[in-house]
Every structure is written in structure tokens, then in C-alpha cells.
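Residue numbers count from 1 along this sequence.
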Amino acid sequence: QVQLVESGGGLVQAGGSLRLSCAASGRTFSSYAMGWFRQAPGQDREFVGGISRYGVITDYSDSVKGRFTISRDNAKNTVYLQMNSLKPEDTAVYSCAASVDYRTVVLRAGYDYWGQGTQVTVSS
């Protein structure tokens with residue numbers, strides 16, 4: 001089992017940047033495909049992006065492609081979400097997720113473990 005803890009959320013003006021971190025503990029971090037999701041009030045949880053075990057492959061939703069970047073540091077058991085050119089519609093609780101997968105893939109669903117989330121608020 002793995003425990004996930006997000007950090008780095010906050011309040012930022014439109015056009016600004018934030019970097020979220022997700023620290024993992026437990027099993028070997030490189031065993032996990034990792035993902036970021038977000039959920040705004042009254043809306044379903046939405047896939048933001050994902051990264052394969054060793055960071056070879058990344059994938060993003062169309063709404064964030066070109067603005068957000070996912071990376072991971074397996075030596076630090078941490079995955080990051082760099083968010084640039086933020087918009088008010090990016091306001092949500094952002095959560096990271098993990099799933100053991102020894103393939104070189106990005107998962108858009110089917111994650112086994114979730115963090116508690118961190119709030120990101122973008123003001124106009």
C-alpha cells in the first residue's frame with residue numbers, strides 16, 4: 001500500500017503559476033503509474049494528467065495541455081504538477097493518484113490509491 005500527500009496548493013491570480021507536489025510512502029515508487037485529478041464544486045472528478053513509471057510517457061487532458069506539466073522524481077518518491085497560465089476555471093481540489101502497473105503506460109482511470117487533495121483557487 002502507498003500513502004499519498006499533496007502540497008503546494010493556494011490562491012493565485014489568473015495567468016500565474018503553481019507547482020503541486022505529491023509525496024508517496026510505502027512500496028517502491030517506481031512501481032506506480034501516477035496521475036493528477038481535480039474536482040470543482042458540483043462537478044465530477046476530472047483527469048488532469050498522468051505519467052508512466054519512469055516518466056517516459058505523459059498524457060494530459062485537452063483543457064490543460066500546453067499549460068500543465070507532470071514530472072516525477074523516483075529518488076524522492078514525488079510526482080509534480082507544474083501549472084502555468086492558470087485560469088479561473090482551473091479552480092478545484094487537486095488530488096494525486098497511484099496504481100501499480102509495470103507497463104510503460106499512463107492511466108486515465110482505475111487508480112487504486114488517492115491522496116486527500118490540495119485546494120487551488122485562481123482569481124480573475
Phe37 and Tyr111: CA distance, side-chain angles, deciding distance, ring pair (Phe, Tyr, Trp, His ring centres under 6.0 Å) verdict | CA-CA 11 Å; Phe37 291 76; Tyr111 284 89; 5.5 Å; yes

Which atom pair, heavy atoms only, marks the closest approach of Val2 to Ala98?
-> CG1-CB, 4.1 Å

Check whether more than 12 heavy atoms from other residues, nucleotides or ligands sit under 6.0 Å from atom CD of Glu89, and answer yes or no.
-> yes

Any chain of hydrophobic side-chain contacts (each under 4.5 Å) joining Val12 to Trp36?
-> yes

Determine the minimum heavy-atom distance between Ala92 and Ala40, stating which atoms define it.
-> CB-N, 3.8 Å

For Ser95 and Gly117, the nearest pair of non-hydrogen atoms, with its separation, is OG-CA, 3.5 Å

Shortest non-hydrogen contact from Glu46 to Ser61?
-> OE2-OG, 4.4 Å

Supply the atom-to-atom distance Phe68 CZ to Ser63 OG, rounded to the nearest 0.5 angstrom.
-> 7.5 Å

When you check the gap from the basic side-chain N to the acidic O, do Asp90 and Lys87 get nearer than 4.0 Å?
-> no

Below 4.5 Å, heavy atoms only, C-beta onward: do Leu18 and Val120 meet side chain to side chain?
-> yes

Aromatic Tyr32 / basic Arg53 pairing, under 6.0 angstrom, 45° off normal | no

Answer with yes or no whether the side chains of Asp73 and Thr78 bring together a donor and an acceptor at under 3.5 Å.
-> no

Start with the C-alpha distance between Leu81 and Val48, add both sets of side-chain angles, then the distance that settles side-chain contact (heavy atoms from CB on, under 4.5 Å), and finish with yes or no.
-> CA-CA 9 Å; Leu81 182 66; Val48 173; 4.3 Å; yes

Are Ser30 and Thr28 close enough that a side-chain donor and a side-chain acceptor fall under 3.5 Å?
-> no

Salt bridge (Lys or Arg N to Asp or Glu O under 4.0 Å): which pairs involve residues 106-123, sequence neighbours left out?
-> Asp59-Arg108

Would you mind reporting whether Tyr54 and Asn74 have side-chain heavy atoms less than 4.5 Å apart?
-> yes

Hey, are Arg38 and Tyr94 close enough side-chain-wise for a donor-acceptor pair under 3.5 Å?
-> yes

In Å, rounded to the nearest 0.5 Å, how long is the span from CG of Leu20 to CD of Glu6?
-> 8.5 Å

Starting at OG1 of Thr121, measure out to CD of Gln13 and round the result to the nearest 0.5 Å.
-> 13.0 Å

Would you call Cys22 and Leu4 a side-chain contact if the rule is heavy atoms closer than 4.5 Å?
-> yes

Run the numbers on Ile70 and Tyr60 for side-chain contact (heavy atoms from CB on, under 4.5 Å), then give the verdict.
-> CA-CA 9 Å; Ile70 294 175; Tyr60 302 92; 3.8 Å; yes

Do Ser71 and Gln82 pass the side-chain contact (heavy atoms from CB on, under 4.5 Å) test, and can you show the C-alpha distance, the side-chain angles, and the key distance before you say yes or no?
-> CA-CA 8 Å; Ser71 61; Gln82 178 67 45; over 6 Å; no

Could you please spell out the steps behind the side-chain contact (heavy atoms from CB on, under 4.5 Å) verdict for Arg45 and Trp114?
-> CA-CA 12 Å; Arg45 185 166 58 196; Trp114 295 84; 3.5 Å; yes

Here the pair of heavy atoms bringing Leu107 nearest to Phe47 is O-CE1, 3.5 Å

Rounded to the nearest 0.5 Å, what separation is found between the CD1 atom of Ile51 and the CZ atom of Arg72?
-> 6.0 Å

With the 4.5 Å side-chain cut-off for hydrophobic clustering, are Val106 and Phe29 part of the same group?
-> no

For the residue pair Ser25 and Gln3, confirm or rule out a side-chain donor-acceptor distance under 3.5 Å.
-> yes

Can a donor-acceptor pair be found between the side chains of Gln119 and Thr91 at a distance below 3.5 Å?
-> no

